[in-house]
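Nothing fancy with the numbering, it's 1 onward along the sequence. Atoms within each ligand, like the ligands themselves, are counted from 1 in listed order.
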Amino acid sequence: MRVGPPAAGLLKQPPTGRPRVAVLLPLPFPGPFDYAAPPDLPAPPLQPGDIVTVPLGRRTETGVVWDPERNLPPEFTPPPMKSVADGRLKPVIARLDQPPLPASLRRFVDWVAAYTLSPPGLVLAMALRTGTAAQAAPALGWAVADPPPGLRDTPARRRVLDIATHDGPLTAAELARRAGVGTSVVRGLADAGALRGVTMTPRPAFVRPDPDHCPPALDGEQAESARALRALAAEGGFSVTLLEGVTGSGKTEIYMEAIAACLARGKQVMVLLPEIALSSQWTGRFARRFGAEPALWHSDLGPRLRRVTWHAVADGTARVVVGARSALFLPFAELGLIIVDEEHETAFKQEDGVTYHARDMAVVRARMDHAPVVLVSATPSLETLANVGAGRYRHLVLTARHGGATMPEVRTIDMRAHPPERGLFLSPVLTEAIRQAIGRGEQGMLFLNRRGYAPLTLCRTCGHRLQCPNCTAWLVEHRARQILTCHHCGYQEATPPACPECHAESSLTPIGPGVERITEEARATFPDARILVMASDTLPGPAATADAVARIARREIDLVIGTQIVAKGWHFPHLTLVGVVDADLGLGGGDLRAAERTVQLLHQVAGRAGRAEAPGTVLLQSYTPDHPVMLALVSGDFESFMRQEAEQRRPGFWPPFGRLAALIVSADTPEAADATARALGQAAPRGDSLQVLGPAPAPLAILRGRHRRRLLLRTRREVAVQPLLRQWLDRVTPERGARIDIDIDPVSFL
Ligand SMILES: [Zn+2]
Ligand SMILES: [Zn+2]
């Protein structure tokens, strides 16, 4: 088996014998393996992109015939691998009856692997995920039947029936998963006659969206921006455009015009959203504009729907796909446009497995498919603004809210001057404002980006703090479920009645608020208000989130209390007051982007207020009302704020003016972690244009029982960090039980 560049040429007859073919397997090998082309394969001969089965040891694996030339910049070229003699080559078993992986996607896989220093097979795995499994027999789906008399009504049953009504028929497993219930609930409804079984058609109909279905009436700067985007999409070719506009300025309507132009040109569209919970509202808007729903792609899709969608994208049946970051790796037959909505969101950074930033990789994918990409945000990232400043990206700006709505007024509440009562967390200034909003028949929202009841539990007798046994982290109390849980590893235990250390009873005290504790306070303060909590652990999935959003829109709710899920692009027309419980929360920790991120998040939260006729007010509870972040939020002058941010990062070559790569050592024992980290430190590259920080214990020094150390490589922008890192890693052998993970362009510094 021979790997790496450049192979002797695909299917070229080597002097000694059999034709070779390189096959990339979705496994963590450094490159493709050579196989012998099967002698009896029906025509045409194997081509790059063909999906094949091959022997690997005693197993049979599915892989993709890979290109002999990898087409990568020289600094990316992967290391050569050992060659296998002709006589030992094993033949390809079969070619699967699947659409081949397009050339642009193969190049993208190679590029992402080289950029992130990941085995290309692991990147390929994302492109193949469940897409290539053989066709299964038609499944039994469940649809709603006429409700039988006397049917027992429970919230769980109602959720299942709701989903079956709107999205049915679905398999029992899919129904149960989306409703967040056990399959026994579905079975019970079927037994009671409320659901009827139907044979599922092997693929859902992907209705073609009609670009002329219902075009919006746009004028002024909106019409101008829409025209510019339409022209780019109609013309095709690679370009990057930042569409920047205040919340509520109609950015979605405008980029949908680019989608219309792309569809009219007969090309496909990829839309990336940071959070798939947003997709239900987005899908509704899309359907009103185009008269058909887009295809969805996210981790919550059942295996059947994933397979069907993958094929529909590959054969061009699905014209528009909206999805989470993994949609980047779909086999588009003719991709003509990429949209990245909320491009500043850190959720676009994948932190597990292959670590990549979906926004940045979307730009790469667009280049490979010769397509325009539009990055959309109310508060663009400094990275994107720097690219605009350097003339690499185009820039379209919307300054006014759509339909005459005004921007909300933002004020800080100085918590030193207006403190809450002892043991409470809401200032009287804020509670009074909420009371008035509810009294006027409007809605209020309280935002706190922290799940659970309290972030820390402490024994008043001995001072013991309840800590996760697997991580350097406090256990978070979730009072409704009577558990303590670790938000890093998922460890759970029942809330103990006494201190586990000194056994004092009733001595455990919650410190600080989580969203549950704020809810408790709000229920006591506003006993008549209809309160809804929105947090990722109280809403089991997109369907439940959509349901919550619909209830808010129907004015069944007076006060919404939520974590960052409420900050997303929701449109709540009756919401006029937003209270941020702890505006200082994100500023601690010394993260490079802490200030930028806090401004982006809080501005987005603020943007939920006053989106219709009634003006909105946003109140920020802060102990540091003079902090530049608070001043920027109050004045709404983000341009100056971002300019200041840029000036702070420029001199030290911090991103976006330099490059960062994190090396994370993790090991079974602290000794192995230290020894490996020390070896890395000693072998570190040196030079004027770079600096290595660390090794140092990671802030999460223990995670899931593994001991962690970090190093950070910081270089000038013009330095290619990949070859530097590769040579560095070649000089170090990790200790037994230790591992080194590389995170290029890190976002998290835990
Ligand atoms: Zn104690
Ligand atoms: Zn933990």
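Within the 2.8 Å limit, Cys486 places at least one N, O or S atom next to the Zn ion (ligand 2). At a threshold of 2.8 Å, the Zn ion (ligand 2) has a backbone or side-chain N, O or S atom of Cys471 nearer than that distance. For a distance bound of 2.8 Å, the N, O or S atoms of Cys459 include one lying that close to the Zn ion (ligand 1). For a distance bound of 2.8 Å, the N, O or S atoms of His464 include none lying that close to the Zn ion (ligand 1).
Note that Arg479 lies in the cation-pi zone of Tyr453, set by a 6.0 Å cut-off to the ring centre and a 45° limit from the axis. In this structure, Arg359 is not positioned above the aromatic face of Phe348 in the sense of NZ or CZ being under 6.0 Å from the six-membered ring centre and within 45° of the axis.
Using bins of under 30°, 30° to 60° and over 60° for the plane-to-plane angle, the ring pair His478/His487 lands in the perpendicular bin.
The residue from Thr355, Asp745, Asp743, Asp360 that alone fulfils the side chain to side chain donor-acceptor pair (under 3.5 Å) condition with Lys349 is Asp743.
Interatomic distance, His357 NE2 to Glu383 CD, rounded to the nearest 0.5 Å: 7.0 Å.
Rounded to 10°, the angle formed at the Zn ion (ligand 1) by Cys499 SG and Cys462 SG is 110°.
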